[in-house]
Amino acid sequence: MRKKVTLVTGAAGEVGTSLVQKLISGGERTVLTLDLSSLPYELPERHSHIQGDILDSGVVARLVAEFEIEAIFHLAALLSTRAEFTPETAHRVNVDGTLALLRMASEQSQWRGDPVQFVFPSSIAVYGLPTPEAKKRYSRVREFEWTNPTTMYGCNKLYCELLGRYLSQHYKQLSAEEPVMIDFRSVRFPGLISAHTLPSGGTSDYAPEMLHAAAKAEPYPCFVGPDVRIPFMAMPDAANALVGLSTAPKENLSQLVYNVTSFSLSAADIRELVIAAFPKADITFEPDLKRQAIVETWPADLDDTAAARDWSWKPAYDRERAFSEYLIPNIQKRYR
Ligand code: AKB
């Protein structure tokens with residue numbers, strides 16, 4: 001008998017670390033983590049970790065041979081700045097890796113006679129506002145608007161959303177029998193800020209970097225200008241969103257992809273909040289024009305009313321709570 005598990009890829013990363021703790025503390029699932037690295041945290045007994053590459057077909061075969069996978073949170077990805085430096089590698093990891101797991105989930109759904117749930121974190125990077133005027137005018141973007149990504153990562157995320165849609169619907173039309181489709185669900189995240197981990201390779205990283213540098217009493221040259229504005233969310237809400245969407249009754253979901261967000265801030269707003277907590281913080285603005293150009297195409301805010309309506313999405317941390325109750329105290333504790 002294979003052990004029934006929920007698979008989390010990219011489990012050693014920022015979102016993975018937070019999600020795995022949440023899934024384990026929920027007590028209902030047995031979690032199988034997969035990452036290129038060893039985990040930076042301990043897994044309690046009954047949960048397991050495999051160190052390996054999603055692009056290695058041997059690893060995917062081993063997953064299926066040893067475990068019955070009921071649900072997948074597929075977090076492994078190369079983020080937007082990193083992907084611009086190595087676009088083909090990013091395409092392999094972000095698209096080929098996702099396709100391999102989607103294919104495995106589809107085959108397992110047939111085999112089980114029960115859909116494997118596939119939860120896919122997408123991103124604000126799927127949007128591309130063509131000009132600063134458009135960004136100002138269309139400030140709260142809905143899921144079907146402005147999906148013209150300008151980065152390799154944004155293209156990868158948008159395409160994988162479409163692959164998920166294809167695999168959850170299209171076989172139905174092609175096949176005479178009644179095949180079992182995967183249950184694909186996706187959230188588009190804004191910039192995420194964690195008190196416990198630092199991201200690497202993202203373009204929204206200036207927000208967490210500013211905070212962590214201030215707590216370490218290090219100077220921080222922010223790589224975007226003060227007026228650049230995008231939406232953000234505290235890391236615990238990212239895990240809440242993934243689990244909230246995963247546990248929502250299927251019949252309540254009117255779409256496969258949902259925006260989720262919490263608060264919208266300019267880089268100057270973030271600096272102000274950081275200085276209020278760390279008055280000696282030395283934060284300057286030294287825009288890297290390429291990275292800034294990427295953030296300028298991302299919307300100033302996201303419209304997440306569909307998620308609120310269909311699965312009662314609501315962030316626990318608004319701007320005030322995120323800084324005063326989660327980020328500042330935990331970051332202070334971390335570097336004390
Ligand atoms: C990135 O900056 O690449 C990510 C994202 C917005 O998806 N944080």
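Counting starts at 1 for both ligands and their atoms, following the listed order. What's counted below: heavy atoms across the whole structure, side chains too, no hydrogens, waters or symmetry copies.
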Next on the checklist: With respect to Y153, determine whether any N or O atom, backbone or side chain, lies less than 3.5 Å from an N or O atom of ligand 1.
Outcome noted: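 N/O-N/O distance under 3.5 Å: yes.
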
Checklist entry - Does an N or O from D205, backbone or side chain, lie closer than 3.5 Å to an N or O of ligand 1? => result no

Looking at [atom], what's its closest protein heavy atom, distance included?
{"atom": "atom 7 (O) of ligand 1", "result": "S123 OG, 2.7 Å"}
{"atom": "atom 1 (C) of ligand 1", "result": "S80 OG, 3.2 Å"}
{"atom": "atom 2 (O) of ligand 1", "result": "T203 N, 2.6 Å"}

Next on the checklist: Going by the closest heavy atom to atom 8 (N) of ligand 1, which one wins out of S204, G202, A125?
Outcome noted: S204

Item to check | For W298, the ligand 1 atoms whose distance to one of its heavy atoms is below 4.0 Å | outcome: 2 (O), 6 (C)

Next on the checklist: Distance under 4.0 Å to a non-hydrogen atom of I124: what atoms of ligand 1 satisfy this?
Outcome noted: 6 (C)

Checklist entry - Of all heavy-atom pairs between R309 and S254, which one has the smallest distance, and what is that distance? => result NH2-OG, 3.1 Å

Checklist entry - Between Y317 and S262, which heavy-atom pair has the shortest distance, and what is it? => result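 Heavy atoms of Y317 and S262 come nearest at O-OG, 2.6 Å.
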
Checklist entry - Heavy-atom contacts under 4.0 Å between F189 and ligand 1: side chain, backbone, both, or neither? => result neither

Checklist outcome for this item: From the list E145, R188, E143, side chain to side chain donor-acceptor pair (under 3.5 Å) partner of Y127 resolves to R188

Salt bridge [X]-[Y], side-chain N to carboxylate O under 4.0 Å:
{"X": "R103", "Y": "E107", "value": "no"}
{"X": "D183", "Y": "R185", "value": "yes"}
{"X": "E68", "Y": "R112", "value": "yes"}

Checklist entry - When rounded to the nearest 0.5 angstrom, what is the spacing between CD1 in I124 and CG in L302? => result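 Taking CD1 in I124 and CG in L302, the distance rounds to 5.0 Å.
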
